[in-house]
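Right, one structure below, let's go through it.
The sequence lines fix the lettering, A, B, ..., with proteins before strands; numbering per chain opens at 1.
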2 protein chains.
Amino acid sequence: MNSEFTIAVHSLVLLAYRPDHMATSDMIAHNVSTHPARVRKVMGCLRKMGYVTTKEGSGGGFILCCDPAEVTLAEIYKTTSIGSIKPGWCSGDTGQDCMVACNMADVMEQIFTEAEMQLLAYFDKLTIQQVLERLREAQQDKV
Amino acid sequence: MNSEFTIAVHSLVLLAYRPDHMATSDMIAHNVSTHPARVRKVMGCLRKMGYVTTKEGSGGGFILCCDPAEVTLAEIYKTTSIGSIKPGWCSGDTGQDCMVACNMADVMEQIFTEAEMQLLAYFDKLTIQQVLERLREAQQDKV
DNA sequence: CTTACTGTAATTATATGCATTACAGTTGAT
DNA sequence: ATCAACTGTAATGCATATAATTACAGTAAG
C-alpha cells in the first residue's frame, strides 16, 4: 500500500491533536519523519478534499477545517491510495490461445477490486478521532 | 501487494484446468508470462503447503494434489503474501516527545493488521475452482 | 550417459518510492 | 518596499524492492 495514506492520516491526527489545529509543513514533516516537500504534496490532496485550508506566506501553514469525528479513513484512502492493493505486475497474456492465460488479468483485476471494497468497508468505520483515541490508549499502555 | 500471490493462484488454476492436472515450470511460466525460475520458487511454497507434488527428472513437472474446490485464496495469501498490505515505510518516531509521533507507528500497525484480516475474510470465500469459473465467464462474455 | 526436468542461490536489470533541491508565488512584519 | 517565513510544484538524485536471468547441482526416464 501507498504510504501517502499513512502520511495523510498522521497529518490530520496531528492537526486534530494540536490545540490551535494548525501546523507548518516543517512541523508536520518532523513529527511524521519525512521531508516537508512530501508533506506539502499530501496536504495539497487533503486541501482539495476540503479537510484542511492553507494559509500562505509568513506565519502560514495548514489548518484543520473538518470535524475529526466525521472524517473516515475510507475517504482518505480513496483520495490518496485507491488501487494500491493491486500489484503493479500482471499475470497472463491476452494474446495467448489458452483460456486461462488470456483472461487471468481481467479476473484478478475483478478480485482485487472486490478485495479493496472490503478494505474500504473496514476503513469506513474508523475516523480520525478514533485514531487519536487509539494513540492515547497506546500511550497509556506504555506506562 | 506481493505478486507471488497472483502467480500462485494462476498456477493452481492452470493445473486445475489441465485435464492431466500437470505442467512443467516452462509451461506454467509461459502461461503466466514470467520466468520459469520464478515459477519454481512459488511452486516450492505451494509444495510445502501440500497443494502440489513435484516429479523430478525427465518427464517431470508439477502435479496438483488437492481439490480446487477446497483451496481458498486466503490460504494462498497467507503462505505467499502475509503482511504485504502494510507499507514498508513507517510514520512517526518513537524517540520523540510528542504523543502522536511516538505512538503512530504502533497504531497504524494495528490498523493494517485488522485491515488485512478483512481481506482474508473475503479471500476465504473464494476458491481456486471459483476463480476457474470466473475465467470461463470472462471468456464467454467476450463472444 | 544423455536428455529433460526441479531446487536454489547469486547476479543483473528495472521500476518504484522517498529524499532532496530549487525556485516562483504569497503574506506579514518592520 | 524589502525581508523573512511560509506554500506549491516540478525536477533530480538516491535507495530499496521487484522481476528477469544466469548458473549449476541434483534427480529420474529412456
Side-chain angles (χ1 to χ4, degrees), chain A residues 1-8 10-11 15 20 22-49 51-65 80-81 83-93 105 108, chain B residues 1-8 10-11 15 18 20 22-49 51-65 80-81 83-93 105:
Chain A
M1 160 146 4
N2 194 329
S3 64
E4 291 192 0
F5 174 69
T6 305
I7 294 174
H10 189 141
S11 302
L15 289 177
D20 57 357
M22 182 165 179
T24 65
S25 61
D26 267 23
M27 295 163 67
I28 298 173
H30 180 248
N31 201 280
V32 165
S33 284
T34 187
H35 201 276
R38 205 174 173 211
V39 170
R40 290 200 289 270
K41 181 162 177 273
V42 173
M43 296 309 275
C45 197
L46 297 178
R47 176 164 36 89
K48 278 175 202 149
M49 298 305 295
Y51 300 139
V52 299
T53 49
T54 291
K55 190 175 177 203
E56 290 197 357
S58 178
F62 299 96
I63 304 155
L64 189 70
C65 64
T80 61
S81 308
S84 70
I85 65 154
K86 174 165 49 181
W89 195 86
C90 207
S91 177
D93 172 7
M108 288 307 289
Chain B
M1 160 145 5
N2 194 330
S3 63
E4 291 192 0
F5 174 69
T6 304
I7 294 174
H10 189 141
S11 302
L15 288 177
R18 290 179 58 86
D20 57 357
M22 182 167 179
T24 65
S25 62
D26 267 24
M27 294 163 67
I28 298 173
H30 180 249
N31 201 279
V32 165
S33 283
T34 187
H35 201 276
R38 204 172 173 213
V39 170
R40 291 200 288 270
K41 181 162 176 273
V42 173
M43 296 309 276
C45 198
L46 297 178
R47 177 164 36 88
K48 278 175 201 148
M49 299 304 294
Y51 300 139
V52 298
T53 49
T54 291
K55 190 175 178 202
E56 290 197 357
S58 179
F62 298 96
I63 304 155
L64 189 71
C65 64
T80 61
S81 307
S84 71
I85 66 154
K86 175 167 47 183
W89 195 86
C90 207
S91 177
D93 172 7

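- The line from CG of A:L64 to OG1 of A:T53 is 8.5 Å long, rounded to the nearest 0.5 Å.
- Here the closest non-hydrogen pair linking B:P36 and B:D26 is CG-OD1, 3.3 Å.
- For the pair B:E56 CD and D:dT27 C1', the interatomic distance rounds to 5 Å; values are reported in whole Å.
- Counting 5' to 3', DNA chain C first comes under 4.0 angstrom of a heavy atom of chain B and last does so at the ends given by C:dT3 to C:dA19.
- When all heavy atoms of A:W89 and B:S33 are compared, the closest pair comes out as CZ2-O, 3.5 Å.
- Minimum heavy-atom separation, B:R38 to B:S3: NH2-OG, 3.0 Å.
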Intermediate values then yes/no, side-chain contact (heavy atoms from CB on, under 4.5 Å), B:M43 and B:L15: CA-CA 12 Å; B:M43 296 309 276; B:L15 288 177; 3.9 Å; yes

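- Two residues, A:K55 and A:E4, neighbour DNA chain C, and the one matched to the more 5' nucleotide by heavy-atom proximity is A:E4.
- Within residues 39-47 of chain B, the residues that place at least one heavy atom under 4.0 Å from DNA chain D are, in residue-number order, B:R40.
- The CG-P distance, from B:D26 to D:dT21, rounds to 13 Å in whole Å.
- Taking all atoms of both residues into account, the shortest heavy-atom contact from A:G59 to A:M22 is O-CE, 3.7 Å.
- In terms of phosphate contacts, B:S3 brings a side-chain nitrogen or oxygen within less than 4.0 Å of OP1 or OP2 of D:dA19.
- Here the straight-line distance linking atom OG of B:S84 with atom CD1 of A:I85 works out to 9.0 Å at 0.5 Å rounding.
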Any protein N or O atoms within reach of nucleotides 13-16 of chain D? Criterion: under 3.5 Å, listing atom names and distances.
none

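- Scanning both residues, A:R40 and A:S25, for their nearest heavy atoms gives NH1-OG, 3.1 Å.
- The distance from atom CZ of B:R38 to atom P of D:dT22 is 16 Å, rounded to the nearest whole Å.
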Any chance you could lay out the side-chain contact (heavy atoms from CB on, under 4.5 Å) test for B:E4 and B:K41, step after step, and finish with the verdict? CA-CA 9 Å; B:E4 291 192 0; B:K41 181 162 176 273; 3.1 Å; yes

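- Nucleic acid contact for A:G61: sugar-phosphate only, since backbone atoms but no base atoms lie under 4.0 Å from a heavy atom of the residue.
- When each of A:V42, A:L46, A:T80, A:I28 is paired with A:I7, the side-chain contact (heavy atoms from CB on, under 4.5 Å) condition holds for A:V42 and for no other.
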Step by step, would you call A:F62 with A:T24 a side-chain contact (heavy atoms from CB on, under 4.5 Å)? CA-CA 6 Å; A:F62 299 96; A:T24 65; over 6 Å; no

